[in-house]
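In what follows, a single structure is set out as structure tokens and then discussed.
Just so you know, ligand 1 is whichever comes first in the structure, and atom 1 is the first atom listed for that ligand. Numbers here simply count residues along the sequence, with the first being 1.
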Amino acid sequence: MILGLETSCDETAAALVTADGEVRANVVASQAELHARYGGVVPEVASRRHLELVAPVVERALADAGAGLADVDAVAVTRGPGLIGALLVGLSAAKTLAWSRRLPLVPVDHLHGHVASLFLEPGSVEPPFLCLLATGGHTLLLDVQDRAGYRVVGTTLDDAAGEAFDKGARLLGLGYPGGAAIDRLARAGDPEAFSLPVARVPGFDFSFSGLKTALVYAVRALEAGELERRRADLAASYQRAIVRALVGRTRAAAEALGAQKVAVVGGVASNSELRESLADAELAPLALCTDNAAMIASAARFATAIPFPDYLALDAYASAA
Ligand code: KG4
Ligand code: ZN
């Protein structure tokens with residue numbers, strides 16, 4: 001059994017996954033409420049909260065699995081990218097747990113973790129496939145030929161799709177985190193009410209910063225009362241623009257690369273309109289879209305383990321390797 005830990009942003013998560021990809025426990029303690037009053041994640045606050053939560057979350061995962069540390073064969077942990085102070089809490093906890101039981105440690109890249117959310121049972125997805133990875137920090141099109149890695153085919157030139165959702169939510173006064181709030185409000189709105197253009201950039205890349213500016217102007221053009229009445233229309237139109245851009249680029253890349261299969265992972269993969277628009281694709285299960293540790297333990301099954309005690313000096317990294 002692999003014990004996975006994830007602390008790259010504002011979720012403190014621990015999971016137990018078997019070598020076959022069966023999830024025995026998947027515990028996620030979200031700090032979203034703690035950061036909501038600041039309108040976004042405050043790194044120092046996140047680190048301190050991870051420190052408080054990491055041990056109880058691991059204990060809870062073990063209890064859920066009906067297991068003890070003696071049943072753990074390896075410890076997997078997110079090494080980056082993410083908030084460095086937050087990552088270091090998970091990495092230190094993982095080193096401590098592994099070292100105390102003379103276990104190997106498997107450092108995992110967070111983005112590889114998102115892709116590996118597709119390799120869990122039931123319904124593990126077999127490569128090759130083209131993968132749209134859309135989170136708060138990244139928007140990538142990945143050519144996945146095997147379970148151990150991928151080749152980047154496209155990326156965002158500015159904001160990530162999740163970041164666009166979060167910034168849009170903020171402009172609409174929906175608070176943090178914004179993606180799910182826009183998703184909910186959009187259901188009551190008309191997606192064709194406002195024309196919000198998304199820049200088309202060459203190749204298979206994305207650009208979302210212009211869309212955010214378009215929303216700023218659309219919001220400014222409305223009086224307070226009018227804005228209140230049109231909020232759902234704005235949310236629906238904004239979501240439609242992001243989803244169209246994601247779906248358009250993904251389908252174009254799939255066709256150009258001759259991909260037989262398309263998969264979608266990451267926090268934005270929970271978006272209901274995106275899921276409906278790519279209903280023929282392999283969609284990561286809802287519980288595994290936003291940050292969790294089951295996907296990290298899953299990725300560890302296909303990554304290189306560092307034997308005891310060679311990992312003690314291992315460092316985290318903040319930006320994509
Ligand atoms: O993968 P994730 O949990 O963390 C990162 O690695 O960044 O993704 C978080 C992002 C946030 O930007 C959040 O607003 C977005 O995923 N998100 C959504 C939805 N649920 C979460 N975006 C659109 N619709 C949703 N339902
Ligand atoms: Zn993530």
Completion exercise
Sorted by chain and number, protein N/O/S atoms nearer to the Zn ion (ligand 2) than 2.8 Å are His110 NE2, His114 NE2, Asp291 OD1

Note: [X]-[Y] ion pair, threshold 4.0 Å (strictly below):
X	Y	value
Arg48	Glu44	yes
Arg147	Glu126	yes
Lys167	Glu163	yes
Arg275	Asp183	no

What protein heavy atom is closest to [atom], reported as residue, atom name and distance in Å?
atom	answer
atom 3 (O) of ligand 1	Asp291 N, 3.0 Å
atom 11 (C) of ligand 1	Asp166 OD2, 3.5 Å
atom 6 (O) of ligand 1	His110 NE2, 3.2 Å
atom 9 (C) of ligand 1	Gly136 N, 3.8 Å
atom 24 (N) of ligand 1	Asn271 ND2, 3.0 Å

Practice task
Tell me, yes or no, whether the heavy-atom count around Glu192 atom CD, taken from other residues, nucleotides or ligands under 6.0 Å, exceeds 12.
Solution key: yes

Problem - Glu223 atom CD, over 12 foreign heavy atoms within 6.0 Å - result: no

Handout entry: Which of the ligand 1 atoms, numbered from 1, are nearer than 4.0 Å to a heavy atom of Gly162
Key = 12 (O)

Handout entry: Main-chain N/O of Thr155 paired to Asp205 side chain as donor or acceptor, under 3.5 Å
Key = yes

Exercise for the section: Begin with the C-alpha distance, continue with both residues' side-chain angles, and end with the deciding distance and a verdict on side chain to side chain donor-acceptor pair (under 3.5 Å) for Asp158 and Ser207. Expected result: CA-CA 6 Å; Asp158 37 61; Ser207 167; 2.7 Å; yes

